[in-house]
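Notes follow the structure.
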Amino acid sequence: MGNSTARAARFALATGTALTALVVVNAPARHRDIDKSAQLVASQVAGRTFHVSGGGVQFNSTLPASSVATYMWTPGASSVNEWLTSTSGTILDQRLTPQPPVPVSSTSPAGSAHLGVDTGRTFQTMTGFGGAMTDSAATLINTSPSRDAIMSSLFGASGARLNFVRVPVGASDLVATPYQSYDDSPLPDMSLSKFSIAHDQTNILPLLRTARQLSPGTTVLASPWSAPAWMKVGDSFYGSCGGLGNTLVTSDYQVYAQYLARFITAYQAAGVPVDLLSLQNEPQHCAPDYPTMNLTADQEASLARYVSAAVGGGTRLLAWDHNWYDEGAAPGAAPTTFPQQVIAGSGGAISAVGYHCYNRDGNPTAYSTQMTGISVYMTECSGFVNSNNAAVNLVNEVRYDLLGPIRYGAKGSLYWSLAQGTDGQPHVGGCATCRGMIGIDRATGAWAPSEDYYYWSQFSRFVAKDAVRIDSTDLGVGSLQTVAFRNTDGTIVLVVLNSANSTDYRGHIVQWDGDTSSPKTSWLVGPDGHRRWIHDTATFNCLRAQGAPTPNVLPSETLDTMPDLTGVWAVCGADRIGANSMLQTNFYLRSGNGQYTLRLTGANLTLTTSSGAARWSTGRGGEDLILQDDGNLVEYAGGPPVWASGTAGSGAQWLVLTNAGKLALYDSSGHYVWTSEGTPGNYVDHIVQWDGDPNTQKTSWLVGPDGHRRWIHDMATYNCIKASGGKGPDVLTSWELDQMPDLTNVWAVCGTDRIGVNSMLQTGLYARSPGGTTLKLAGSNLTLTNHTGQTLWSTGHGGDDLVLQTDGNVVEYSGGSSVWASDTVGSGGVWLVVGDDGKLALYDSAGNYVWTSEGPPSRYVGHIVQWEGDTSTQKTAWLVTSDGHRNWTPSSAVYNCLKSHGATGPDVLTAWELNQLPDDNGVWATCV
């Protein structure tokens, strides 16, 4: 047992117009851990309902806050067995109590959590569960008239079925009467002639043999607290703290290895084989009032080589046997690397690593730092007689001593003393308040299992030796935490911990009762069950002024159930929210100039001016607005999302209420990723500009129905658009402009005589030739008129836009659907020109016609046609026949004959138009 002060968890002292937002119906769920706790807290006091699927069954169950249940079934069974240990207030109200069989069900209640069990994913094979047969425990049990009943309750088939025991090698702090080692020679005894385990023959060994009888195959782990005094530099079995006094004499490594080997041999002869030998209990801890010994990692590695040679292969060696963090580590320090160093230097002598639960360094998942790739055990953790809040104890012991370590590879878990007086006695130095798994009244002899007995029994009673851990869904600290197993007989065991507080601290300011600072570090508890740091007095005062209750001063165990989101601030009165920060109900953001306020209530999330006028709202009330770490800004009400910014994956890091009265999400580079000003669809037919453009005449774009921006390249076009009813200009953020992609080098059209590729003639605007021929799009028609207003051509359809597409097709759209097209796909058309000759002409990049508005080839049947590009005085002429082909007119005589017989024309056509009337080469027109 180490320094009790080190066992206390430590907490680092941190040093324009109103727009209605879109409600996202299928908003993404909260991101991972945030989601898990949020789902919990909404119903944490009443309990949590969940649906289990896997392992050959499906079923539903409800688990109260601060409780643990074990479910056991055979795959394909019609019901599942359940045992429950739960709390009411600060006491246990059910103790490993069998519940009515849970029927299988393939349907899950609305709002229930899903817990999966996957027998296909397997992990470590389990050794077992148990506690330490300290001298105190052995003396109290073996001298009790209820000896057999106590042992049966611990190891018997009707009891806890413990199958893993730790035994000190010599004395620890929990001893009934003072004694030391197995060789307490006043002088060095290099031959170990005075070695004797006689002390253990009285109480310890008889009980260990009984344990093995009641629970065959029980695993024994032996842990030394100190080498004999004569082997230590300070010549003291107790700690000689400071300097090298509490270390092993370098020349005595080999004799100490022989001493440990003698112990193993003697125990074997006494009927108690030692399966695992720890090299040293808590090698970094020194205490002057009970046995301790210090080893560095290098020293322990060296000792391991000696011990391995001395004991042979029958007993496996265990390194470290201490906390997840180094002794005396400063808050925020990295987890220990001691065991890794020992393994690296031991030459393969180490088979396992042991951890104690006492120094978590404020890390609510400290067990996640355990080593991998080697057998791991939780080798010590204790409850305390002065720790009377069972709701807190249950959650912490099950999480830190059992479920958490096992999920991260532990093959077993050992409680500290199997029995102790209800007053914490007897002991010599060390822990004066350690609680036994069995509590014995030393005055009356009455005994009873302590609360810790039931926590371990929820595992040991059902998880057999050599069970294999299988995968299961774990919703994280403050929610439903699970671990699952498959026994060798095929039965499945699922242990579920509801680690939520039975007391609801949502919306409360909380502080640590061990904080001696003035004022104490404070946190605000969110609806997701996490704590966010109140980083300054202004925020604290704002929270209190807006109704946050008087701070709750809580023990570390209770704070641990509300994980601290390190570096995440509580929000009230500031102008911004960072990632994972949260605006909670009735609190507010305020712009730096004090003119705008964003406030969340149960009725609405609203952005208002200083006069109270609404500028923006979600239209939904909620419990919190959180900038999730996936970049999505989400408003939640009772767990489900009611609104979201839709910016998941955007990299958003800050939500800022700007001095301009709008909300803006920025990424880590300071770029906008969203604002409250609206969506791109709001700006169709608007002129838009960038708010960062410093020029007097800002660059402008026209937004088309396709959501793209087209550059307004000159003032004439700008003025034409405005004169034709164009809206704006709207001065927007870069993020908003980015939502309306700029079609680089594509111009907006109004008043010019042509439309280029991807350019667009929009409703109400026009293209005009120098001579006044005008092409205008309206909701009722697309028309080409001359300077007098006479209609020359039309599509007969109204629309939203006329666009020359990249495929060469000119298309008129209405409501997103095509209502007319030139049918020139693949033509290479790049310019649509309004000509003074009263027609539209589509040109390719070489300047050749590919289409005109004059009509299809059939209209020229019986006409004489000529090419407009023919510069001869007498142009070449053709007669268009009924098959739509051209026949050459070979002479003036034929030409005149055709005219005298009524041929129409000549029509002077473009090359594209002539190409629609194939030339029958060598075929002459005739006329007689």
Please enumerate all residues that pass side-chain hydrogen bond (donor to acceptor under 3.5 Å, both in side chains) together with [X], with sequence neighbours excluded.
{"X": "Thr774", "result": "Arg768"}
{"X": "Glu812", "result": "Thr795"}
{"X": "Ser650", "result": "none"}
{"X": "Asp823", "result": "none"}

Specify the closest pair of heavy atoms between [X] and [Y], including all atoms of both residues, with the distance to one decimal.
{"X": "Leu879", "Y": "Thr889", "answer": "N-OG1, 4.0 Å"}
{"X": "Gln595", "Y": "Ser591", "answer": "N-OG, 3.3 Å"}
{"X": "Ser794", "Y": "Thr783", "answer": "CB-CG2, 3.8 Å"}
{"X": "Ala652", "Y": "Gly631", "answer": "CB-O, 3.5 Å"}
{"X": "Leu657", "Y": "Leu663", "answer": "CD1-CD2, 3.9 Å"}
{"X": "Ser724", "Y": "Cys750", "answer": "OG-SG, 3.9 Å"}

Listed partners of Lys662 passing salt bridge (Lys or Arg N to Asp or Glu O under 4.0 Å), at least two apart: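 Scan of Lys662 (salt bridge (Lys or Arg N to Asp or Glu O under 4.0 Å), adjacent residues dropped) gives Glu677.
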
Please answer whether the main-chain N or O of [Y] pairs with a side-chain N or O of [X] as donor and acceptor at a distance below 3.5 Å.
{"X": "Arg615", "Y": "Gly661", "value": "yes"}
{"X": "Thr606", "Y": "Ser617", "value": "no"}
{"X": "Asp800", "Y": "Gly815", "value": "yes"}
{"X": "Asn781", "Y": "Gly796", "value": "yes"}
{"X": "Asp844", "Y": "Gly829", "value": "no"}
{"X": "Thr597", "Y": "Thr608", "value": "no"}
{"X": "Thr717", "Y": "Gly751", "value": "no"}
{"X": "Gln762", "Y": "Val703", "value": "yes"}
{"X": "Asn659", "Y": "Asn593", "value": "yes"}
{"X": "Asp870", "Y": "Lys875", "value": "no"}

Check: [Y] and [X] side chains under 4.5 Å, non-hydrogen atoms:
{"X": "Leu605", "Y": "Trp616", "answer": "yes"}
{"X": "His885", "Y": "Val923", "answer": "no"}
{"X": "Pro527", "Y": "Met582", "answer": "yes"}
{"X": "Thr744", "Y": "Trp711", "answer": "no"}
{"X": "Val749", "Y": "Leu765", "answer": "no"}
{"X": "Leu917", "Y": "Leu909", "answer": "yes"}
{"X": "Leu840", "Y": "Val834", "answer": "yes"}
{"X": "Leu589", "Y": "Ile577", "answer": "yes"}

Any chance [atom1] of [X] has more than 12 other-residue heavy atoms, nucleotides or ligands included, within less than 6.0 Å?
{"X": "His787", "atom1": "NE2", "answer": "no"}
{"X": "Trp690", "atom1": "CH2", "answer": "no"}
{"X": "Asn745", "atom1": "CG", "answer": "no"}
{"X": "Trp867", "atom1": "CH2", "answer": "no"}

Residue of the set Val634, Thr618, Val571, Leu598 for which side-chain contact (heavy atoms from CB on, under 4.5 Å) holds with Leu625: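 Going through the options one by one, the only one that passes is Leu598.
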
Option passing side-chain contact (heavy atoms from CB on, under 4.5 Å) with Leu775 (candidates Leu792, Leu802, Asp753):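 Going through the options one by one, the only one that passes is Leu802.
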
Worked check of side-chain contact (heavy atoms from CB on, under 4.5 Å) between Met715 and Gln697: CA-CA 10 Å; Met715 285 302 300; Gln697 181 60 47; 3.9 Å; yes

State the [atom1]-[atom2] distance between [X] and [Y], to the nearest 0.5 angstrom.
{"X": "Ile687", "Y": "Lys698", "atom1": "CD1", "atom2": "NZ", "answer": "14.0 Å"}
{"X": "Leu914", "Y": "Tyr860", "atom1": "CG", "atom2": "OH", "answer": "9.0 Å"}
{"X": "Asn632", "Y": "Trp674", "atom1": "CG", "atom2": "CH2", "answer": "10.5 Å"}
{"X": "Ile721", "Y": "Leu702", "atom1": "CD1", "atom2": "CG", "answer": "4.5 Å"}
{"X": "Arg599", "Y": "Arg590", "atom1": "CZ", "atom2": "CZ", "answer": "7.0 Å"}
{"X": "Leu784", "Y": "Thr791", "atom1": "CG", "atom2": "OG1", "answer": "8.5 Å"}

Is the closest side-chain donor-acceptor distance between [X] and [Y] under 3.5 Å?
{"X": "Asp807", "Y": "Asn809", "answer": "no"}
{"X": "Gln689", "Y": "Ser700", "answer": "yes"}
{"X": "Ser611", "Y": "Thr609", "answer": "yes"}

side-chain contact (heavy atoms from CB on, under 4.5 Å) assessment of Trp793 paired with Lys839: CA-CA 8 Å; Trp793 174 88; Lys839 62 186 176 186; over 6 Å; no

side-chain contact (heavy atoms from CB on, under 4.5 Å) assessment of Met740 paired with Leu732: CA-CA 11 Å; Met740 299 169 277; Leu732 306 181; 3.5 Å; yes

Derivation and outcome, side-chain contact (heavy atoms from CB on, under 4.5 Å), residues His797 and Ser814: CA-CA 9 Å; His797 298 282; Ser814 178; over 6 Å; no

Residue pairs, two or more places apart or on separate chains, that pass salt bridge (charged side-chain N to carboxylate O under 4.0 Å, His left out) and touch residues 889-903: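 The answer is none; no pair qualifies.
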
Whether His713 and Trp747 hold their rings parallel, tilted or perpendicular, with breakpoints at 30° and 60°: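 Ring orientation of His713 relative to Trp747: parallel.
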
